[in-house]
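Step one of this worksheet: look at the structure below.
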Protein chains: 2
Amino acid sequence: MEYNDKQTAIIDIAERLFSVSGFDGTSVRDIANEAGVNVAMISYYFGSKEKLMEAVFEHKSNKMRLKVENLIQDTEMTPIQKIYLLIDEYVEKFLDQKNFHMIMMREQLTDKRTPVSELILELKRRNLESVRMLIHDGQKKGVFKKNIDISMMMGTLIGTVSQMVLSQPFYRKVHGMEELGEQEFRSHIRKKLSIHLKKLFKALLTNEA
Amino acid sequence: MEYNDKQTAIIDIAERLFSVSGFDGTSVRDIANEAGVNVAMISYYFGSKEKLMEAVFEHKSNKMRLKVENLIQDTEMTPIQKIYLLIDEYVEKFLDQKNFHMIMMREQLTDKRTPVSELILELKRRNLESVRMLIHDGQKKGVFKKNIDISMMMGTLIGTVSQMVLSQPFYRKVHGMEELGEQEFRSHIRKKLSIHLKKLFKALLTNEA
DNA sequence: TAAAACTAAACAAACGTTTAATTAAATTTA
DNA sequence: TAAATTTAATTAAACGTTTGTTTAGTTTTA
């Protein structure tokens, strides 16, 4: 779907507000005011608030899709190097697309089946499949262990990153980083997560010390 | 605070609805209807919808508090055994108090400062302190490594469990468990999580293979 | 001049909360 | 103990806002 400037403005604002206040906690008037458009424009352009949410999701979700196609075919890198790259891509994406990530979490918390929740399942299924191929490749080459619980592994990858995003205020308080700017803090967490997760996955996947 | 039967009924229903539909997605009429009381009773007993949320949190939060006081003083168990017990307690608590856990996640997703968000910070601070003492004890005894990032470690512990709770529908679909009962599925995930996290933490904390 | 973009106003429904009246329980008085 | 009185529990209805959406009219663009 192609959107004009005003439509993308609405989508951008909606993403932020849905992320921070939730779907029910955000009114179409909030969105319209912040986007600088008339309330009626949202129904006019998107049909309804629900449809706007779907538009937000469809328009932003491609940025959350892993790009590992060429990674798999690459013959220069070792399997563990590929996993390291994958970890950094996940960390990068989740911190970069924080608002979208939070919308996904919110959506998964509810039990209602919506078009959006179907899109989330599809997105996760595709990403899981990419990772599975990377792992199997490493196993075929004899570098990775045989008994790897990929679902749990993904749970740890996504879960750890999500948790650090979620508990940002707590982390700042504990580490005396309350005054640190958002960019600096994000860079700090990015490094910490990268080191931590690589250590974890090396132990989980390989037999090396 | 002491509550009578009708009040605890309201709190129980509210916990479930807030968990599944969110604070803004749940109306006081929904709660009143499901609890079988008049709408006005909620204001009468709790003052407001916000205050009801606080009551839910205060009344349920003690079940999420770690009980490690005697664990620390115990001299029979090895440090790693204590960590294993801690992991099982976390897994148990999070799966058992799923609704409360989801409310906590939801609350952490919003950036508004409420009395509830303050209570969450305090709960997390206390739990972190308990774990920190367990780790330091193991380090003093020379069993655990020196350079352990406790915040990241906790992020992985809580994050992994949270993620498995969150992505339950996805997990069921991937593993063909869509028809499995809630109890059976919970038991399945409990075991998987326990094994996975213990493996992870052993690698993270000790130098053993 | 026809189509698209945009606006202010109005719409009914749902929201959290309050009110005023009634019933039930507890306490005091005779 | 029985009646009288006070307090607490409960109700249906109403309150004023806010909600998402629609309408009918106006301005802009093609």
Side-chain angles (χ1 to χ4, degrees), chain A residues 1-59 103 106-107 110-117, chain B residues 1-59 103 106-107 109-110 112-117:
Chain A
M1 189 55 88
E2 303 274 312
Y3 297 115
N4 61 38
D5 289 1
K6 202 156 277 186
Q7 286 171 316
T8 39
I10 293 172
I11 288 180
D12 288 343
I13 298 287
E15 181 192 36
R16 205 188 75 237
L17 294 185
F18 285 156
S19 159
V20 170
S21 308
F23 182 79
D24 295 311
T26 305
S27 74
V28 291
R29 281 171 179 83
D30 291 340
I31 299 169
N33 286 340
E34 291 217 34
V37 302
N38 189 284
V39 221
M41 292 309 288
I42 284 165
S43 294
Y44 179 70
Y45 274 136
F46 300 97
S48 69
K49 191 186 175 187
E50 292 270 2
K51 293 269 185 61
L52 169 58
M53 172 60 118
E54 292 175 37
V56 169
F57 202 88
E58 293 203 23
H59 191 250
I103 290 178
R106 268 226 164 75
E107 206 64 21
T110 74
D111 57 355
K112 65 176 175 196
R113 285 292 195 104
T114 65
V116 171
S117 62
Chain B
M1 187 56 87
E2 304 273 313
Y3 296 115
N4 62 39
D5 288 1
K6 202 156 278 188
Q7 286 169 318
T8 40
I10 292 173
I11 288 180
D12 287 344
I13 298 287
E15 181 192 36
R16 205 188 74 236
L17 294 185
F18 285 156
S19 159
V20 170
S21 307
F23 182 79
D24 295 313
T26 305
S27 74
V28 292
R29 282 173 179 83
D30 291 339
I31 300 169
N33 286 340
E34 291 218 30
V37 301
N38 189 283
V39 218
M41 294 305 290
I42 283 165
S43 296
Y44 178 72
Y45 274 135
F46 299 97
S48 68
K49 191 187 175 186
E50 291 269 2
K51 293 269 185 61
L52 170 59
M53 172 59 119
E54 292 174 37
V56 169
F57 203 89
E58 293 203 21
H59 191 249
I103 290 179
R106 267 228 165 73
E107 206 64 21
L109 278 169
T110 75
K112 66 176 175 195
R113 287 289 197 106
T114 64
V116 170
S117 62

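Every chain is numbered from 1, with letters handed out A, B, ... down the list of sequences.
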Residues forming a side chain to side chain contact (heavy atoms under 4.5 Å, CB included) with [X], sequence neighbours excluded:
{"X": "Val39(A)", "answer": "Val28(A), Arg29(A), Ala32(A)"}
{"X": "Val116(A)", "answer": "Met53(A), Glu54(A), Phe57(A), Glu107(A), Thr114(A), Ile120(A)"}
{"X": "Asp30(A)", "answer": "Leu17(A), Thr26(A), Ser27(A)"}
{"X": "Glu58(B)", "answer": "Leu119(B)"}

Side chain to side chain, Leu52(A) and Gln7(A), heavy atoms closer than 4.5 Å: no

Please list all pairs passing the salt bridge (Lys or Arg N to Asp or Glu O under 4.0 Å) test where one or both residues lie in [range], with sequence neighbours left out.
{"range": "residues 38-49 of chain A", "value": "none"}
{"range": "residues 4-18 of chain A", "value": "Asp12(A)-Lys60(A), Glu15(A)-Lys60(A), Arg16(A)-Glu34(A)"}
{"range": "residues 36-45 of chain A", "value": "none"}

Return the value, rounded to whole Å, for the distance between atom CG of Asp30(B) and atom P of dA14(C). 11 Å

Walking along DNA chain D from 5' to 3', note the first and the last nucleotide with an atom under 4.0 Å from a heavy atom of chain A, and give both. dT19(D) to dT22(D)

Can you name the closest pair of heavy atoms from Asp24(A) and Ser21(B) and give their distance? OD2-O, 4.0 Å

Taking ring pair (Phe, Tyr, Trp, His ring centres under 6.0 Å) as the test, write out the residues that go with Phe23(B), two or more places apart. Phe18(B)

Under 4.0 Å protein heavy-atom contacts per nucleotide of nucleotides 5-11 of chain C, with B for base, S for backbone only and - for none: BBBB-B-

Close residues, residues 14-28 of chain A, relative to DNA chain C [heavy-atom separation under 4.0 Å]: none

